[in-house]
Each structure stands twice: as structure tokens, then as C-alpha cells.
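Only one structure is covered here, and it is reproduced in the block below.
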Amino acid sequence: MSSSDILPTDFYRRDVVQVARDLIGKQLRRELPAGIAGGRIVETEAYRGADDPASHSYRGKTPRNEAMFGPPGRAYVYTIHARFCLNAVAQDDGSPCGVLIRAIEPQVGVDLMEQLRGDVKHNDLTRGPARLCEALDIDRQFDAWPLDEGRELWIEEAVEQSKPTIAVSPRIGVSQAQDRLWRFFVNGNRYVSGPRKYHSEDDGPPPR
DNA sequence: CTACCGATTGACT
DNA sequence: GTCAATCGGTAGA
């Protein structure tokens, strides 16, 4: 692996929906005291700014969501229901956008992640935004962390040659903007949270 | 200060 | 499938 495999800032400096789609298949990496852990990103969601009522940044800047207003390529870590969730900040046009990493497929340092998660079913190891953060020991210390420098916490280029089949759906846990299909996931992958088979991007509109 | 609630999870029917 | 624990962030008195 060379350092050029780390996703550069410019990767994130694009339309947030496109970034969310392109992050599927990429490799999330965490450097722990005992070694490297991580895996393949299999589920993401895009959150936009002032025009997206489901976004944390919809009602303006607060101490909590400040990282979303910062430069692209940084992390935005927030807490909900006493748990942590990881976003990658995207775009660079003054609009506070982020991509929620909802699930990864565990591939590297599985034993390390199992230790951090405790006694759970293997399938639940990293299935869900707060579960993967627990498995990788990601907390508020990584809020605004640069993801493009290849240390502690970063995202690398995909290992596989071909892109997996990507399905889309409305975002999970949000009641607003159901017409925006901004959730992306590897179709049928067992580590995807929520519906794992919805419809391919080539199909027609989703069932209501 | 108090009150409300969520981009969730895990236990349970 | 249903439901409640849990606690920091936020708004409002």
C-alpha cells in the first residue's frame, strides 16, 4: 500500500451526494494501539445544508455541528442516544454537507474490533453507524479530524477492481425528505443496516 | 436552570 | 415486527 491510496482532499471537495455514492467500496482504516482495524464501506448517507431539513446543519451552526461548516475531508463526529456516529465532511462551497458512514464490512483487525464491541453476533460487529464507531474506538476526539492524512483514522482507495452493485433508498431514521434517495449501499451485503435489498439505481422509482 | 428529543441500539413478542 | 433505555445538545424560562 502506498500513501497515494489515501483519498485526497479533492475527493471530498465535490457534490455531497456524489461523494456518498463514491465512498461505497472504499476502505475505512483506524490505527489502534494494538494494530490496524477497518474494512470496506458498504453503506452511506448524504446530508446537505440549508436546503436539507434532515441535516444537522439545516438550522445553522452550533457548537455541535461546527465541523460540518469546516473544510472538506474532515470528520464530523456527533452523539445521538448516547452513541457516536462518523461523517465525512464534503463540498467546499460554503454549504455544510456531510456523508454519514452507516456500515462497514469488517476485513482488517477483526479481533481488535471484537474486543472493543464485546460479546455480539459477528454480523452486528460494524452494522450501523454507532456500532462501527464502537468497533473502531471513534469518539468525539475525532470531530474535525483530517481524514486525508493517513494517520489514526482515514479512508483509502478500494481494494477491488470493479465497483459493487450500488442500491439506493431514502435515508434511515429521518421522516423528512423521503423523496431524496440519498442512502447508498452494497446491494444484498450482510453488513448493511436496515433494508439490504431495495432497488438498483437502474430500476424505476422506489415503492411507496 | 429545566424540558424535550434524536442521522440508535438491543432486548423482547 | 415493537418498544424503551440513554444522555448530550439545544431551546426556552
Side-chain angles (χ1 to χ4, degrees), chain A residues 12 15-21 23-24 28 41-70 72 74-91 95-106 113-145 147 153 155 167-186 189-198 206-207:
Chain A
Y12 304 94
D15 175 80
V16 67
V17 178
Q18 193 62 45
V19 172
R21 183 194 314 266
L23 277 174
I24 298 294
L28 181 65
I41 296 173
V42 295
E43 183 183 4
T44 63
E45 286 176 358
Y47 287 87
R48 223 192 239 163
D51 68 332
D52 182 5
S55 175
H56 286 167
S57 56
Y58 181 58
R59 289 165 205 285
K61 190 194 281 190
T62 68
R64 174 208 205 189
N65 64 22
E66 190 171 6
M68 284 185 86
F69 291 77
R74 303 280 189 98
Y76 163 48
V77 177
Y78 68 90
T79 60
I80 183 163
H81 292 271
R83 298 153 203 275
F84 298 104
C85 297
L86 172 68
N87 293 253
V89 176
Q91 296 190 187
S95 166
C97 302
V99 176
L100 174 65
I101 313 295
R102 285 198 59 92
I104 68 171
E105 178 173 343
M113 295 189 280
E114 285 173 343
Q115 280 186 26
L116 285 160
R117 282 281 287 143
D119 184 26
V120 299
K121 288 176 291 185
H122 176 74
N123 204 48
D124 288 338
L125 192 60
T126 55
R127 185 167 65 92
R131 287 169 173 157
L132 79 86
C133 281
E134 186 175 40
L136 296 176
D137 196 25
I138 296 168
D139 59 20
R140 272 238 108 157
Q141 291 185 171
F142 285 100
D143 194 34
W145 184 267
L147 297 170
L153 179 65
I155 303 177
V168 304
S169 83
R171 292 167 293 184
I172 290 187
V174 322
S175 53
Q176 321 198 53
Q178 290 291 298
D179 57 320
R180 289 179 175 172
L181 305 181
W182 287 355
R183 171 174 176 252
F184 302 93
F185 56 98
V186 176
N189 185 277
R190 63 185 289 215
Y191 297 100
V192 169
S193 71
R196 294 203 270 250
K197 292 179 184 169
Y198 208 69

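Note that this is a predicted model, so its numbers are computed, not measured. Numbers restart at 1 for each chain; the letters A, B, ... are given by sequence-line order, proteins then strands.
Residues A:I155 and A:Y12 are in side-chain contact: their nearest non-hydrogen atoms beyond the backbone lie under 4.5 Å apart. Taking 4.5 Å as the limit, some side-chain heavy atom of A:H122 sits within range of a side-chain heavy atom of A:P106.
Of the possible polar contacts, none joining the A:R74 side chain to the A:D143 backbone as a donor-acceptor pair under 3.5 Å is found. Remark: the backbone N or O of A:R117 is not paired with any side-chain donor or acceptor of A:R131 at under 3.5 angstrom. Side chain of A:E45 to backbone of A:I172: a donor-acceptor contact under 3.5 angstrom is found.
Across all strands, A:N87 comes closer than 4.0 Å to base atoms (heavy-atom distances). Base contact: A:A54 has a heavy atom under 4.0 Å from a base atom.
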Could you tabulate the donor-acceptor pairs under 3.5 Å formed by side-chain atoms of residues 81-90 of chain A, not counting sequence neighbours?
{"from": "A:R83", "atom 1": "NE", "to": "A:H81", "atom 2": "O", "distance (Å)": "3.4"}
{"from": "A:N87", "atom 1": "OD1", "to": "A:L100", "atom 2": "N", "distance (Å)": "3.4"}
{"from": "A:N87", "atom 1": "ND2", "to": "A:Y76", "atom 2": "O", "distance (Å)": "3.2"}

Counting primed atoms, P, OP1 and OP2 as sugar-phosphate and everything else as base, the B/S/- map of nucleotides 8-13 of chain C against protein heavy atoms under 4.0 Å is SSS---
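To the nearest 0.5 Å, atom CD of residue A:E43 and atom CD1 of residue A:I101 are 10.0 Å apart.
Close approach of DNA chain B to chain A, defined as any atom under 4.0 Å from a non-hydrogen atom of the protein, starts and stops at B:dG6 to B:dG10.
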In dot-bracket form, how is DNA chain B paired, counting a Watson-Crick or G-U wobble pair only if both its distances are under 3.5 Å and using | for bases paired to another strand?
||||||.|||||.
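Closest approach of A:V16 to A:G98, counting heavy atoms only: CG2-O, 3.6 Å.
Taking atom NE2 on A:H81 and atom P on C:dC3, their separation rounds to 16 Å, with Å as the unit.
DNA chain B is contacted by both A:V174 and A:E134; A:V174 maps to the nucleotide lying nearer its 5′ end (nearest heavy atom per residue).
Every residue two or more places apart in sequence or in another chain that forms a side chain to side chain donor-acceptor pair (under 3.5 Å) with A:D51 is listed here: A:R48. With sequence neighbours left out, A:Y47 forms a ring pair (Phe, Tyr, Trp, His ring centres under 6.0 Å) with no residue at all.
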